Amino acid sequence: NNDKFNNNEETTKALMEQAQATITEQQRTLQNEQLATKHKQLILQLETQVHQLRLRETAWERTISELVARKDLLERRENAWTR
């Protein structure tokens with residue numbers, strides 16, 4: 001009878017350890033999934049920011065080109081006046 005009790009206790013202990021290991025593994029999996037989701041969100045955010053910066057860069061390039069063209073035009077007009 002005592003052997004049955006000890007055997008039952010060992011089985012219960014083993015089952016509890018197995019259940020705890022399963023819970024720990026599920027928690028790890030959940031944390032990894034949450035981190036992966038956060039990681040993907042950060043990547044998307046960075047990609048959006050890079051896109052916005054590229055658009056700004058293009059706009060500045062256009063502005064600079066327009067200013068250079070105006071400067072050249074004004075210099076040509078000034079040179080035409082001074083002749």
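It should be emphasised that the depicted structure is a prediction, and the values quoted were computed from it without experimental measurement.
- Not a single salt bridge (charged side-chain N to carboxylate O under 4.0 Å, His left out) links Lys40 to another residue, sequence neighbours left out.
- When the side chain to side chain contact (heavy atoms under 4.5 Å, CB included) test is applied to Leu74, no partner is found at least two apart in sequence or on another chain.
- Listed by chain and number, the hydrophobic cluster partners of Ile64 are Val68, where partners are ILVMFWY side chains within reach of under 4.5 Å, directly or through others.
- Each salt bridge (Lys or Arg N to Asp or Glu O under 4.0 Å) pair with one or both residues in residues 17-37, not counting sequence neighbours, appears once here: Glu25-Arg28.
- Put simply, CD on Gln41 and NZ on Lys38 are 8.5 Å apart, with the number rounded to the nearest 0.5 Å.
- Screening residues 63-78 for salt bridge (Lys or Arg N to Asp or Glu O under 4.0 Å), with sequence neighbours left out, gives Lys71-Glu75.
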Could you pull out every donor-acceptor pair under 3.5 Å between side chains of residues 44-63 and any protein atom, sequence neighbours left out?
{"from": "Thr48", "atom 1": "OG1", "to": "Leu44", "atom 2": "O", "distance (Å)": "2.9"}
{"from": "Thr58", "atom 1": "OG1", "to": "Arg54", "atom 2": "O", "distance (Å)": "2.9"}
{"from": "Thr63", "atom 1": "OG1", "to": "Ala59", "atom 2": "O", "distance (Å)": "2.9"}

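- Interatomic distance, Met16 CE to Thr12 OG1, rounded to the nearest 0.5 Å: 8.5 Å.
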